[in-house]
Enquirer: 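Let me begin by handing over the structure; questions about it come next.
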Amino acid sequence: MKSLYKITLLVGIAITAVSCHNKKKPNYQYMPNMYESVGYETYSESNAFANGKEGQLPAKGSIPRGFEPYEYENSTAGYELAKANLKSPLDSVAKSSDKGAQLFGIYCAICHGEKGDGKGNLVKREKFLGVPSYADRVITEGSVFHVETYGLNAMGSHANQLTQQERWMVAAYVMKLKSEL
């Protein structure tokens, strides 16, 4: 008798569950705010934060993902420190790759020339004057990286076009060109 009661109860629950299910209208959601978040208008007022603004500044000292801080300042003293102390983190395989030569050809050769002699197309056409030959300069990988990062004189920064690793590759290639001049 008990087993008949259990079977009847299970069949009744199954029929109720199947008959009440509506595919067009899903059942109750346990925690809807976990996957249906409240949308806020950018820069609108909000009670969620102490200052009442929706858009917040990044936390003090936070660093964007993938960014590596560069501790040398954009000054003559920073340049001299980078020249004396800054060393490339790349291994010999990365330094000798063709990527540095390709990047130099894209970003640098137009002014500095394919050989680093300061006779690029813009110099030949007299759009820029006074671009030095690497043979005439006392440079190190650190000083080249520093100039690529901040720029110097008429040359602007290339930090927004090249990642840190790419700038190190270009610096290694510049040192190779200097040794060949």
Enquirer: Measuring only between side-chain heavy atoms, which start at C-beta, is Val138 closer than 4.5 Å to Lys83?
Expert: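 With C-beta onward as the side chain, the pair touches.
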Enquirer: Under 4.5 Å between side-chain heavy atoms, hopping through other hydrophobics if needed: is there a path connecting Leu152 to Leu86?
Expert: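 No, Leu152 does not connect to Leu86 through the hydrophobic network.
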Enquirer: Which distance, rounded to the nearest 0.5 Å, do you find between the OH of Tyr150 and the OH of Tyr79?
Expert: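 The OH atom of Tyr150 sits 14.5 Å away from the OH atom of Tyr79.
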Enquirer: For a side chain to side chain contact (heavy atoms under 4.5 Å, CB included) check, start with the C-alpha distance between Gln56 and Asn51, then their side-chain angles and the critical distance, and finish with the verdict.
Expert: CA-CA 9 Å; Gln56 298 291 305; Asn51 63 359; 3.0 Å; yes
Enquirer: Has the side chain of Glu166 got a donor or acceptor atom that lies under 3.5 Å from a matching backbone atom of Leu103?
Expert: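 Answer holds: no.
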Enquirer: What are the two closest heavy atoms between Glu148 and Val170, and how far apart are they?
Expert: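 Nearest heavy atoms, Glu148 then Val170: OE2-CG1, 2.8 Å.
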Enquirer: Can you classify the ring geometry of His146 versus Tyr70 as parallel (below 30°), tilted (30 to 60°) or perpendicular (above 60°)?
Expert: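 The rings of His146 and Tyr70 sit tilted, inter-plane angle from 30° to 60°.
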Enquirer: Could you state the interatomic distance from CG (Leu81) to OG (Ser75), rounded to the nearest 0.5 Å?
Expert: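 Those atoms lie 8.0 Å apart.
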Enquirer: Just verifying a value: how many Å separate Met169 CE and Lys99 NZ, rounded to the nearest 0.5 Å?
Expert: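 Those atoms lie 6.5 Å apart.
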Enquirer: Locate the shortest heavy-atom distance separating Glu73 from Ala77; write the atom from each residue and the value.
Expert: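 For Glu73 and Ala77, the tightest heavy-atom pair comes out as OE2-CB, 4.5 Å.
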Enquirer: Identify the residue among Val123, Ile110, Asp117, Leu122 that makes a side chain to side chain contact (heavy atoms under 4.5 Å, CB included) with Val131.
Expert: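 Of the listed options, the one satisfying the test is Val123.
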Enquirer: Could you report the tightest heavy-atom contact between Phe128 and Cys111, atom names first, then the distance?
Expert: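 The pair with the smallest heavy-atom distance is CD1-SG, 4.1 Å.
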Enquirer: Does atom CG (Asn160) have a neighbourhood of more than 12 heavy atoms from anything else shown, all under 6.0 Å?
Expert: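 It does: Asn160 CG has more than 12 such atoms within range.
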Enquirer: For a quick test of reading the model, state the closest non-hydrogen atom pair linking Arg137 to Pro132 and the distance between them.
Expert: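 In terms of heavy atoms, the two residues are closest at NH1-CG, 3.1 Å.
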Enquirer: Please give me the minimum heavy-atom distance between Ser62 and Pro58, naming the atom from each residue.
Expert: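 In terms of heavy atoms, the two residues are closest at OG-CB, 3.4 Å.
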Enquirer: Measure from the side-chain N and O atoms of Arg167 to the backbone N and O of Phe145, and report whether any donor-acceptor pair falls under 3.5 Å.
Expert: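 Not a single qualifying donor-acceptor pair exists.
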Enquirer: Between CG of Leu129 and NZ of Lys127, what distance do you get to the nearest 0.5 Å?
Expert: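 If we round to the nearest 0.5 Å, Leu129:CG and Lys127:NZ are 10.5 Å apart.
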Enquirer: Give a yes or no on whether Gln161 atom CD has more than 12 heavy-atom contacts from other residues, nucleotides or ligands under 6.0 Å away.
Expert: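 Counting other residues, nucleotides and ligands, CD of Gln161 exceeds 12 neighbours.
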Enquirer: Within the 4.5 Å heavy-atom criterion, are His112 and Phe104 side-chain neighbours or not?
Expert: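 Side-chain contact under 4.5 Å: yes.
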Enquirer: CG of Leu10: more than 12 outside heavy atoms within 6.0 angstrom?
Expert: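 For Leu10, atom CG is crowded (more than 12 foreign heavy atoms under 6.0 Å).
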Enquirer: Mind checking whether Tyr134 and Val144 have side chains closer than 4.5 Å, heavy atoms only?
Expert: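 Not touching, per the 4.5 Å side-chain cut-off.
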Enquirer: Mind checking the CG-CD spacing from Leu177 to Glu114? Nearest 0.5 Å is all I need.
Expert: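 Leu177 CG to Glu114 CD: 9.0 Å, rounded to 0.5 Å.
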Enquirer: Rounded to the nearest 0.5 Å, what separates atom NZ in Lys119 from atom OG in Ser133?
Expert: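 It comes to 7.5 Å.
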Enquirer: What are the two closest non-hydrogen atoms of Lys178 and Ile139, and how far apart are they?
Expert: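 In terms of heavy atoms, the two residues are closest at CD-CG1, 3.6 Å.
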